[in-house]
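Below you'll find the structure, written out as structure tokens, and then a few comments.
Quantities reported herein were computed from a predicted structural model and do not represent experimental measurements.
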Amino acid sequence: MIPRPESHETPEPAPPADGPAPSAAKKATAKKAVAKKAVAKKAVAKKAAAKKAAAKKAAAQTGTARKATPRKVTEKKAAATKSAQKSARKAVAKKAAAKDPAASAAASPPLSASSASSASSGSSAPSASPASGQLTPPEMELAVSPAVGGADRERLLNGTHHAPHSVLGAHPVPGGVAFRVLKPYALGVTLLSGGVSVELHDDGEGFFSGMLPLREVPAYRLRVRYEGAELEIEDAYRFLPTLGELDLHLIGEGRHEQLWTVLGAHPMTHQGVSGTRFSVWAPNALGVRVAGSFNFWDGTACPMRSLGSSGVWELFLPGIGEGELYKFEITRPDGSRTLRADPLARRTEVPPATSSMVTSSHHVWNDQEWMERRAEVPAHRAPFSVYEVHLPSWRPGLTYRQLAEQLPAYVKDLGFTHVELMPVAEHPFGGSWGYQVTGFYAPTARLGTPDDFKYLVDALHRAGIGVIMDWVPAHFPRDDWALAEFDGRPLYEHEDPLRAAHPDWGTLEFDFGRREVRNFLVANALYWCEEFHIDGLRVDAVASMLYLDYSREPGQWTPNEHGGRENLDAVAFLQEMNATVYRRVPGVVTIAEESTAWDGVTRATHHKGPSGFGGLGFGFKWNMGWMHDSLQYMSHDPIHRRYHHPEMTFSMVYAYSENYVLPISHDEVVHGKKSLVSKMPGDWWQQRANLRAYLGFMWAHPGKQLLFMGQEFAQGSEWSETHGPDWWLLDPNYGAEADHRGVRELVRDLNTVYRGTPALWQCDTEPSGFRWVTGDAAEDNMLAFLRYDDAGTPLLAVCHFAPVLRDDYRIGVPDDIPAWHETLNTDTTRYGGSGVTNPDPLKPEPQGWHGFPASIRLTLPPLATVWLRPA
């Protein structure tokens, strides 16, 4: 281990037994000295004891290793040593130059090629220490050449050295301190210490070395001369490791929950010097070097050290700060090299550029009020309506900070409680919408810096809007500068090609069974929640993670240890991720995009279900069944809907099996699926009426709501990431502007009434919060149901999906409500409807109907949903 250069408290080393070098002449001298000492011992015992203390004191003052023996013995030993030293030095130097210093663990550290002191020239004259200014006696002179051994030299130049700090930098050796520097392209290197400058010897190929007869490593700097420039710098190889044993232990165990604080690039002050700590996990690498804008992308001078068996490589580079670009140059097991972006980079270049960037956060949060109260009410018992946004195309060209000026105001005006951002983690291909991630810890640089993204989240919180982020732990792309075979072998992906290749997207699946990979992903989930104050994670493609045979034919997958198709590693990962997030970040919710009937997606991880598995631990699950069934029903012409009525009612059979979100997401309005309004049958008026009735049904149905941008104003075209929503439809100069604005007015009112009516959200996950009035009126294309809050206060929803007017339509109701009044009607003229409403209170009649003791008669508008509350 390299001693701390700035420390002056290192215990004084024991002086050598017979001088600084084990030459033959010195061994002979030593024997004579010992014999003479034995003869003289009895006569001078008392005197020797007194002189020993004085000699020790003198040695400490002069910085030499003078042996505390009786004066006569010392004088004769010195004379013998001096007479034999020149011849011995030549023989030993030849032997040392030929020997590989790394060949033996017992050998002293390898020395550089030539010394800057007089000792390296073979002179026997005393030399001076620049640190103390005292003369060094002849026995302290260097007897070997400080040349870097051939093996170390080759490994450093080839990028395969696992311990460059053991060769480069300053090292105490017999006779003094050796200094070794690797600076390719430098014309010269000068050592600066204690007001003394010493030119190091140029050993060729960028190596420089020197030797000073010091007792300990001094504080020093380097002056490096290039053609046309001269720099005074700190030596990166004089610093101790920046990672502690606890960090390495947690990384090895796969339990470092704040992994982003120890891996990646971190500006910091280390041993009193400002710089950047680089660290990366690459256990299969033969060597790793840092290449970047600060060394002209040549990592030769910046080899990293391997920290034991952890697989982590580390290097502190003084003088490197924010804004510098970098990558890791990894030497693979086969000896080839690859240049890789940092898996834990917290900032990247703007794509298509692929470099990582050194960064620190300077954002000061102003959302304390939001953060303090977000955990007061569990998400499943609170209003939760979500506006899904693709940030790069919501208003194309806007940055994070510009979006912060517009998006919060727009979402707040519409009354949504949350936004869900499609993936913001860095991705190379914009057409992937962010679902093929290469920079899992970096917000996309397309829209600004990480602090700019924090500013947007902060602004949304201050507007009272929660932020959910799509998170993609299922897979990653094969780009050769990113995670794929990161250190030359499968690392983040499974080593079995059948398990690694994702069959649908041409990507690679994570190896969820490897603890370091699980750690990478679990810490990533925490990173977004803790560092960016994200309120929820919607986890993409959960179904593809859970099943070994997902989109695979027989013979393309291997059963688990129990013979089943479940991916047990993925199950364990999802359980760990959810348990850790809920434990560390109160108020955050996780949401699964899971399209199968997996048992217990939102059940607690410690509660086992009928299948024998514990729950996955999510807060919500996307109700893909409801989405597919209800959209299928709405796509039918009303005359045929009577034959498909169960598609609107079947969801209530399983509504309380999980905690559900009802998603009309981006996936439903792209790739030939048409926009939401364009899925509806009939002419333009009927399409809009169907859409309005459907939205009224959706907001009243048990579960939370999610609507993709552009659908709130009945955009007719499919969404495209290249241009985003058709905002021009809301231009007052456009002829049909009122039709689109009317739908947006409805969405605003749906959210307003929804947030003010606990019956619509308080008991979303409890059967006591719902009761059918009629679910079998297929001939009338009608269904009606009651929603209840904790106090039993109801809301009556009547959904009519036929294009006809029905007067005096009888609906069964409880007999304890004196009167009902219409609180929302999707056929209102303000929304673009025909204006058929029920303006007067509706009083129950004592005539039983639909299994209730009383009933009301109301007018059902064509293609409309009506909400009624107690008057």
### Query
What's the verdict on side-chain hydrogen bond (donor to acceptor under 3.5 Å, both in side chains) for Glu718 and Ser720, showing C-alpha distance, side-chain angles and the deciding distance?
CA-CA 6 Å; Glu718 288 185 339; Ser720 168; over 6 Å; no

### Query
Given the rule in the side-chain contact (heavy atoms from CB on, under 4.5 Å) test, do Leu824 and Asp749 qualify, once you have shown the distances and angles that lead to the verdict?
CA-CA 8 Å; Leu824 186 138; Asp749 289 353; 4.3 Å; yes

### Task
Start with the C-alpha gap between Thr757 and Thr823, add the side-chain angles, then the distance that decides, and say whether side-chain contact (heavy atoms from CB on, under 4.5 Å) holds.
CA-CA 10 Å; Thr757 308; Thr823 188; 6.0 Å; no

### Query
Where do Trp622 and Ile591 land on the side-chain contact (heavy atoms from CB on, under 4.5 Å) test, with the steps shown first?
CA-CA 7 Å; Trp622 271 21; Ile591 306 167; 3.6 Å; yes

### Query
Checking ring-ring contact (aromatic ring centres under 6.0 Å, His included) for the pair Tyr455/Tyr400: CA distance, chi angles, key distance, verdict?
CA-CA 7 Å; Tyr455 183 86; Tyr400 290 128; over 10 Å; no

#### Entry: Candidate pair Met469 and Leu537, rule side-chain contact (heavy atoms from CB on, under 4.5 Å), full reasoning
CA-CA 5 Å; Met469 190 187 85; Leu537 298 172; 4.3 Å; yes

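The backbone N or O of Gly431 lies less than 3.5 Å from no partner atom in the side chain of Glu721, so there is not a single donor-acceptor pair. Lys673 places a side-chain N or O within donor-acceptor distance of the main-chain N or O of Asp667, the cut-off being under 3.5 Å. Counting only distance, with no hydrogens or angles, the side chain of Arg538 and the backbone of Ile468 share no donor-acceptor pair below 3.5 Å. Checking side-chain atoms of Gln406 against main-chain N and O of Ala404 turns up no donor-acceptor pair under 3.5 Å. Although no hydrogens or angles enter the test, the distance criterion places a donor-acceptor pair under 3.5 Å between the side chain of Gln762 and the main chain of Asp790. A donor-acceptor pair is defined here as one N or O able to donate and one able to accept, closer than 3.5 Å; such a pair exists between the side chain of Ser855 and the backbone of Gln847. Arg446 places a side-chain N or O within 3.5 Å of a backbone atom of His427 that can act as its donor or acceptor partner. When atom types are taken as modelled, the side chain of Arg741 and the backbone of Leu730 share a donor-acceptor pair closer than 3.5 angstrom. Tyr435 places no side-chain N or O within donor-acceptor distance of the main-chain N or O of Asp470, the cut-off being under 3.5 Å. In this structure, Thr602 contributes its side chain and Lys621 its backbone to no donor-acceptor pair below 3.5 Å.
For residues 656-666, the set of pairs meeting the salt bridge (Lys or Arg N to Asp or Glu O under 4.0 Å) definition, not counting sequence neighbours, is empty. Within the structure, every pair that satisfies the ring-ring contact (aromatic ring centres under 6.0 Å, His included) test and touches residues 796-826, not counting sequence neighbours, is listed here: Tyr633-Phe801. For residues 719-747, every residue pair satisfying the ring-ring contact (aromatic ring centres under 6.0 Å, His included) rule, not counting sequence neighbours, is listed here: His390-Trp719, Trp394-Trp727, Tyr410-Trp727, Trp433-Trp719, Trp684-His740, Phe708-Trp719, Phe713-Trp727, Trp728-Tyr734.
For the residue pair Glu822 / Asn838, a side-chain donor-acceptor distance below 3.5 Å is found, with atom types taken as modelled. A donor and an acceptor atom, one from each side chain of Thr837 and Asn825, are nowhere located under 3.5 Å apart. Side-chain N/O atoms of Asp726 and Ser717 include a donor and acceptor closer than 3.5 Å. A donor atom on one side chain and an acceptor atom on the other are found under 3.5 Å apart for Asp367 and His533. No side-chain donor-acceptor contact under 3.5 Å links Ser595 and Glu593. Between the side chains of Asp739 and Trp685, no donor-acceptor pair is found at a separation under 3.5 Å.
Considering every non-hydrogen atom in both Lys704 and Arg381, the closest pair reads NZ-N, 4.4 Å. Summarising the geometry of Phe770 relative to Pro702, their closest heavy-atom pair is CD1-CG, 3.7 Å, with the distance given to 0.1 Å. Nearest heavy atoms, Asp789 versus Cys763: C-SG, 3.9 Å. Residues Val411 and Val419 come closest through the heavy atom pair CG2-CG1, 3.6 Å. Taking all atoms of both residues into account, the shortest heavy-atom contact from Ala474 to Asp540 is CB-O, 4.2 Å. In this structure, Leu795 and Arg869 approach most closely via the heavy-atom pair CD1-CG, 3.7 Å.
Between Leu783 and Trp772 there is a side-chain heavy-atom pair separated by less than 4.5 Å. Proximity of Val743 to Val677: side-chain heavy atoms (C-beta onward) are nowhere separated by under 4.5 Å. Contact annotation: the side chain of Asp776 never approaches that of His645 to less than 4.5 Å [non-hydrogen atoms, C-beta and beyond]. Two residues are said to be in side-chain contact when any heavy atoms from C-beta on lie closer than 4.5 Å; Met652 and His701 meet this criterion. Residues Tyr754 and Phe416 are not in side-chain contact: their nearest non-hydrogen atoms beyond the backbone lie 4.5 Å or more apart. In this structure, Pro844 and Ile856 have side chains that are in contact, with non-hydrogen atoms separated by less than 4.5 Å. Side-chain contact between Glu388 and His666 is present, with at least one heavy-atom pair separated by less than 4.5 Å. Side chains of Leu456 and Leu391 form a contact here, defined as non-hydrogen atoms less than 4.5 Å apart.
Checking Tyr547, Phe618, Tyr550 one by one against Trp598, the ring-ring contact (aromatic ring centres under 6.0 Å, His included) holds for a single residue, Tyr547.
Within a 6.0 Å sphere centred on NZ of Lys679, other residues, nucleotides and ligands contribute more than 12 heavy atoms. Environment of CD in Gln632: crowded, with over 12 heavy atoms of neighbouring residues, nucleotides or ligands closer than 6.0 Å.
Separating the NZ atom in Lys412 from the CZ atom in Arg462 is a distance of 11.0 Å, to the nearest 0.5 Å. Note: Ser678 OG to Gln711 CD = 8.5 Å, rounded to the nearest 0.5 Å. Asp413 contributes atom CG, which lies 10.5 Å from atom CG of Asn751 (distance to the nearest 0.5 angstrom). Residue Leu421 holds its CG atom at 10.0 Å from CH2 of Trp528, rounded to the nearest 0.5 Å. To the nearest 0.5 Å, the span separating CD on Glu845 from CG on Asp815 amounts to 13.5 Å. The line from NE2 of His380 to OG1 of Thr765 is 4.5 Å long, rounded to the nearest 0.5 Å.
If you look at Phe650 and Tyr654, their ring centroids are closer than 6.0 Å. Checked against the 6.0 Å centroid criterion, the rings of Phe620 and Phe384 qualify as a close aromatic pair.
Looking at Glu779 and Arg642, a side-chain N of the basic residue comes within less than 4.0 Å of a carboxylate O on the acidic one, giving a salt bridge.
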